[in-house]
J.: 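A single structure is presented below for examination.
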Amino acid sequence: MHDFARSVVDWYHANRRDLPWRRDGFTPWGTLVSEFMLQQTPVTRVIPRLEEWLTRWPTPAALAAVPPGEAVRAWQSLGYPRRALWLHAAAVAITEQHDGVVPEDVDALLALPGIGDYTARAVAVFAYGNRHPVVDTNIRRVIARAIDGQAEPGPPGKRDLAAMEALLPEDRAASAAFNAGMMELGAIVCVARTPRCDACPVAARCAWRQAGYPAYDGPKKAVQKRYEGSDRQVRGRILAELRGSHIPVTAAELEAVWPDAAQRDRALAGLLADGLAVAAEGGYTLP
DNA sequence: CAGGCGTGGAC
DNA sequence: TGTCCAAGCCT
């Protein structure tokens with residue numbers, strides 16, 4: 001193992017946070033659910049929802065047995081509720097096509113709804129201990145800085161997987177610890193805004209530090225539109241209304257959640273198209 | 001492939 | 001207040 005990987009692995013074993021998905025006996029299904037929830041959502045907000053979900057639906061078959069709307073309701077305010085729909089659909093596929101067992105093959109995982117390059121490898125590695133490069137936003141940032149000497153990663157691409165593969169230890173257990181360690185490093189030390197280089201195990205080897213912390217000069221990232229007043233906010237308001245009701249929500253009731261009719265209609269049409277809402281007798285409900 | 005997709009905390 | 005950011009994915 002190279003010195004860089006060894007430093008990260010040693011640091012990880014000494015500094016890893018005690019998180020639910022790192023407990024002994026945590027199931028592959030638990031890992032899958034946690035990874036869905038962690039897509040773009042902070043750890044602290046995920047933990048309580050995860051506990052609820054796994055208590056209620058301890059297996060893929062348990063989730064597959066209820067209507068998808070129950071998953072959307074239990075998703076509460078984690079955000080990006082299409083993930084709840086996709087997770088439910090994945091549970092159905094696992095139940096029907098994989099005998100209720102979460103696959104450990106990356107390609108089989110990639111074939112499931114809502115699972116992309118990151119989640120497929122995260123499950124294969126963290127649930128099953130297989131040797132694959134895992135690349136998330138934390139790891140992209142750590143590699144950009146420590147290896148490439150840049151303040152921020154460039155646009156994501158397949159080359160990210162190759163860059164991580166080049167660093168990955170050959171040993172299976174060490175590779176899993178390296179993946180987890182790189183993510184942990186990016187999450188609590190090499191953070192986006194104010195990196196804590198004084199606590200970094202690879203500071204002495206960091207290309208960005210050695211270069212004097214040059215400012216980022218690559219292509220600009222797309223600026224996120226403001227949320228206040230956006231279609232996203234309207235979708236969120238409408239969906240909250242549907243989550244809170246066990247009978248159809250009428251069009252008149254929806255008028256009360258957002259005054260702009262055109263925007264409200266657009267948001268509702270989007271929810272219907274996404275399958276997050278369905279037309280029912282007298283109004284709309286969760287699917 | 002650029003843009004759409006939630007929500008809330010930190011600064 | 002506004003801006004940035006958070007274990008991405010889909011079209």
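Not measured: the values here are computed from a predicted model. Order of the sequence lines sets the chain letters (A, B, ...), proteins ahead of strands, with each chain counted from 1. Because only heavy atoms are used, hydrogens play no part in the values below, and waters and symmetry mates are left out as well, while side chains stay in.
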J.: Among residues at least two apart in sequence or on other chains, which ones pass side chain to side chain contact (heavy atoms under 4.5 Å, CB included) with A/R266?
T.: A/D231, A/Q263
J.: Looking at residues 171-181 of chain A, who's got a heavy atom less than 4.0 Å off DNA chain B?
T.: none
J.: Using the side-chain hydrogen bond (donor to acceptor under 3.5 Å, both in side chains) criterion, which residues pair with A/R243? Sequence neighbours excluded.
T.: none
J.: Could you tell me whether a side-chain N or O of A/R83 sits under 3.5 Å from a main-chain N or O of A/Y80, the two making a donor and an acceptor?
T.: yes
J.: Count the heavy atoms of every other residue, nucleotide or ligand shown that sit under 6.0 Å from NE2 of A/H2, and state whether that count exceeds 12.
T.: no
J.: Rounded to the nearest angstrom, tell me the gap between atom CG in A/D274 and atom C1' in B/dG4.
T.: 10 Å
J.: Please list, one pair per line, the donor and acceptor atoms closer than 3.5 Å that link side chains of residues 271-287 of chain A to other protein atoms, with sequence neighbours excluded.
T.:
from	atom 1	to	atom 2	distance (Å)
A/D274	OD2	A/R235	NH1	3.1
A/D274	OD2	A/R235	NH2	2.8

J.: Using atom P in both nucleotides, what's the gap between B/dG4 and C/dA7 to the nearest angstrom?
T.: 23 Å
J.: Give a yes or no on this: more than 12 heavy atoms of other residues, nucleotides or ligands lie within 6.0 Å of atom CG of A/D198.
T.: yes
J.: Give the rounded distance in Å between these two atoms: CG of A/L276 and P of B/dG4.
T.: 18 Å
J.: Only pairs at least two apart or in different chains count here, so list each side chain to side chain donor-acceptor pair (under 3.5 Å) that has a residue in residues 106-115 of chain A.
T.: none
J.: In B/S/- notation, 5' to 3', how is nucleotides 4-11 of chain C contacted by protein heavy atoms closer than 4.0 Å?
T.: BBBBBSS-
